[in-house]
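A quick write-up on the structure given underneath.
It should be emphasised that the depicted structure is a prediction, and the values quoted were computed from it without experimental measurement. All chains are named by letter (A, B, ...) in the order of the sequence lines, taking the proteins before the strands, and each is independently numbered beginning at 1.
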Amino acid sequence: MSLLGPLGGSLFLWITVSAAALAVGAYIIKMRRRRFEVPFSHLWKRVLEQKDANALWKQLKRMMSLLLILLIMGIVLFAALDPTLGAIDREARSVVILIDASASMKAMDGDEAGKISRMEAARRRADDLIDSMGGGDLAMIMKVDGQATPLSRFSSDGPMLHKIIHGVTGADRTEVRAQEAERATKARAQKAAGEKSDDTPSRLLDGIQASDTPADLTRALGAAADALRDRPNPLVVLISDGAYPEQQLGLVSWDAQAPVAASADPQAKPAASAKNLAMVDLSKVDVRYMPVGRRSDNVGIIAFNVRRYIANKAAYEVYIEVQNFGTEAAHRQLALYNGDTAVDIKRIDLAPGQRIKQIYPKLPGSVDNKLRASLRPVDGPGGSDSFALDDQAYALLPARKKQKVLMVTTDNLFLEGALLVYENVDPAKLTPEQYEKNPAVADMMDVVIFDEYTPATLPPPPVSLLFFHPTGPNSPFTVRSEINGPRITEVDEGHPVMRWVTMSDVYMDKSAVFTVDAKKGESTIAYFVRDPIIVAKRDGRRKVLAFGFSLPAAGRESATDLPMRVAFPMLLVNTLDWFAGDQTDLLTTYPTGTRERVPLDGVIGATEAEVLAPDGTLTRTPVIEGLATFYGSHVGYYELAAKNPTGNTIAQIQLAANLASPGESDIAPSTELTLGGKKLEAPEAFAITHSRKIWIYLVLLAMGLIVMEWVTYHRRITV
Amino acid sequence: MARAAATATPSVIARPNRAVDRSDLFDDKFLKTLEHLHMVSRKVFAGNIRAERRTRKVGSGIEFADHRTYARGDDFRYIDWNLYGRLDKLLLRLFEEEEDLHIYILIDVSDSMSIGSPLPKLHYAMQVGAALTYVGLANLDRVAIVPFGDRVMARLPPSRGKNRIFRVFQFLRDCEIGGKTELADCMKDFVAQNKRRGLAVVISDFYDPKGFEEGINTLRYNKFEPFVLQVYDRREAEPELHGDLALVDCETGDTREVTISKSLLEQYTRAHEAYCTELETFCTKRAVPFFRTHTAIPFDELVLKIFRSGGFLR
């Protein structure tokens, strides 16, 4: 028997002594006699003298009540020590059970028949482990996928640990749901009041489920080692299919690493035993491995990318990469969908280990921007596999929109002609006089180009503005001076406007020189030596670009040969694309299990973003410097809504996430696992197969004795 | 009783000192009952000459009492010649001496008599005593009231006539009560103080640690006619007690710790019954009229019972 109660020895002794003193004191008070007046005590004396012969038995009967009370108290105190039946031949252990919940655990080969997934097999192994825990063992459940998530504290409460693994069912589930609903309501109210709220969903409801992310084993082992620090007999049991990258398996150290001593010679090389901060120190931890999974055959999509053509935004190109991870030849049907419309379906045949690439060029665009690649099984051997997650991949076409462009100019064929070539533009034109009469016309435009004209009234944001030779106090940029015969000597090639543009030999007879204020978000795109002559800025919700020189047109004195250059239409296209936030390298597809910074281009004032996952869960993420942190835990399409401090949605972006991980698609299970060069053993059989807590029986016994004491007292047996 | 109240602790089971308050003892209802008792007593002795309780003394009265053998020197006028003719023996006729006989009502007013429910024994005894006194007064007997406890208290001297009853009531309301039970000493004092012999009705619970024998014998030996009336409370005979108690004697203050169990209660009941039987047997053997009653029996029923037995009225 073991005593698991939380009370220390001296404290328990104090409690016992105090309880016994209390019981005896209460008994003495109970034994205080009432005084009763009698008319003739002589008779009582006569009677009592006869009974003195039985005095000893009477004493014993009276003592029985006190003895019963002391016995009851002793039983209750003993129950408080939480005694457990069963022999223990070792000390209690602290166990962290790492349950792999990565994408490969969704493979349906948890049993011979293929009826259960690896995840279910892992849950059952975890159940067996918990049930075989010894009397003093404490276990913590930790879920391993793209993150390491502790799901419990150290506990010996088997039923609670089982619930964490499997979730709650029946009435418990209803109760947890009700609690969740109440918590969500409270969180919404707190949020509305501007208070901190916790709307993290409960981990109890559905138990441990496999995610769509690769496993970060290093992070999980590090978390387990931290949790087990200073605990007795630390043990980690990893329940997994063993499908980890080699790199992660090597980031473990079994020797305690000493810190590197400071060297007096700054040129000296670091010692060979220098500490690798990326390695997990498991020197004091016993790590064991429980494998799950049987099959290794799998064909999966390991890459799925799409990009729009620069010149023709209406067309796009798709790239798909598929690999056969099995040891047998495999056959599949590869289908590409744009929304619900099948773009292409073809049969592919792969040899063992073969990787094939498919490119779909010049695919016409459509209203639906959702693309999906799908691997479908075919009849016959090698036509299907047990891992379906990587048979689907998702991508989004960046939003394509025809820009409304207003030219405020006198006749300028160079400008008008360049815009007419651009298919994604819906041009309009006004003369400056017409604009001055009705400037509100520009309010509905996406872009307004002011050619040799600087109005007093600018269109309101988000209309972007392009100026050629702005002048006067109404110029969006401060004009410092004018120079003659400038050349473009320096260009910000990283700026989207200057992509694929060469302007070094462009002729300008004169140009305005701007004063750039970085505090106002202004930046210089092109210099003449040190004079900014092409500048840009983001002004709130819109962008502004200004050229210091004029375009040639009838009736103008200044001239430049820029419109005759190839760079001119490219410059315009780049400018319009920059205004629209349309960058060819803007990624809308992300791998699951990694934290990505998503640029919210053109979105000004967002402080937080809400992310709606494919499974319907809603999470919040901060927006810092125009970038939102995105973590995809499921494959599929995501909706990201950028919100301002008042909670209003100011922009919505769609994202797609895929597994896209050859490491996870290679689902071949490992019956053995080597970490840091050390082969992991299976967990040893626990000393006792089950432990029985007997405190409940002791409490029931105490209750029975209380009833007995009450009966014997009130029936005058013990008095 | 007062001493018990003075020494009582808050743990003593409350026993109000009802024996002290005797103001309602002889109310109109009681008077009516007395009158009824008197009527009954008259019916019992219809035809008899009232107002005279005959002694059993032989003297010069006119009523024949007995015969005795003629001895030389006797007055031959009293020879019963009729008997001589029949029996051929000389027998002398004897005649009763007419003399007033006193009735002494001795009421135990010790502390033990203050206990009882619904009525303290003392009140009950006083009512019985008053009833007997009234009957005696109505029959023109001389009746005296003598309270006693650890000593003989101030008495009400013998008096005759029904109209004396109110004085009797007042005396009983005001008389001193309390003290231990000293039956033997009180009887000795009584016989010494009262030379005129008569009927001594002792109304008491007879809870004397020194016993009752000596007291009753003192009356007998001094030519009094003892009439024993034992009064007890039913809860004394069958107490309803339980648990651990400290029994306090209301007269002596002695305390005895006891744990009351069912068997102990049964033993006590038997002991009480044995004590009462012992008293009864003692009286019966000595031809002393004995009555035992408890306070739940109405006093008039007891008095009627006494009348029917003929022990009080002759």
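One side chain, B/E236 or B/Y207, offers a donor N or O that lies under 3.5 Å from an acceptor on the other.
Along residues 268-276 of chain B, the residues that come nearer than 4.5 angstrom to chain A, judged on non-hydrogen atoms, are B/Y268, B/A271, B/H272, B/Y275 in order of number. Proximity to chain A among residues 213-220 of chain B is not found for any residue, judged by heavy-atom separations below 4.5 angstrom.
B/D205 meets the side-chain hydrogen bond (donor to acceptor under 3.5 Å, both in side chains) test with B/S112, B/K121; sequence neighbours excluded. Applying the side-chain hydrogen bond (donor to acceptor under 3.5 Å, both in side chains) rule to B/E257 yields the partners A/R33; only residues at least two apart in sequence or on another chain are considered.
Aromatic ring centroids of B/F148 and B/F190 lie 6.0 Å or more apart. Aromatic pair B/F290/B/F227: ring centres not closer than 6.0 Å.
Ion pairing between B/K188 and B/E182 fails under the 4.0 Å rule for side-chain N and carboxylate O.
A 4.5 Å side-chain heavy-atom check between A/R231 and A/F154 finds at least one atom pair inside the cut-off.
Using modelled atom types, no side-chain atom of B/Y124 and backbone atom of B/A296 make a donor-acceptor pair closer than 3.5 Å.
For B/T255, the part lying near chain A is the side chain, with the backbone staying farther off; criterion is any non-hydrogen pair under 4.5 Å. For B/D208, the part sitting under 4.5 Å from any heavy atom of chain A is the backbone (N, CA, C, O) and nothing else.
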Q) Where do A/R35 and B/L245 land on the side-chain contact (heavy atoms from CB on, under 4.5 Å) test, with the steps shown first? A) CA-CA 6 Å; A/R35 291 171 65 85; B/L245 299 173; over 6 Å; no
Q | B/L265 and B/I260: CA distance, side-chain angles, deciding distance, side-chain contact (heavy atoms from CB on, under 4.5 Å) verdict | A | CA-CA 7 Å; B/L265 279 179; B/I260 304 293; 3.6 Å; yes
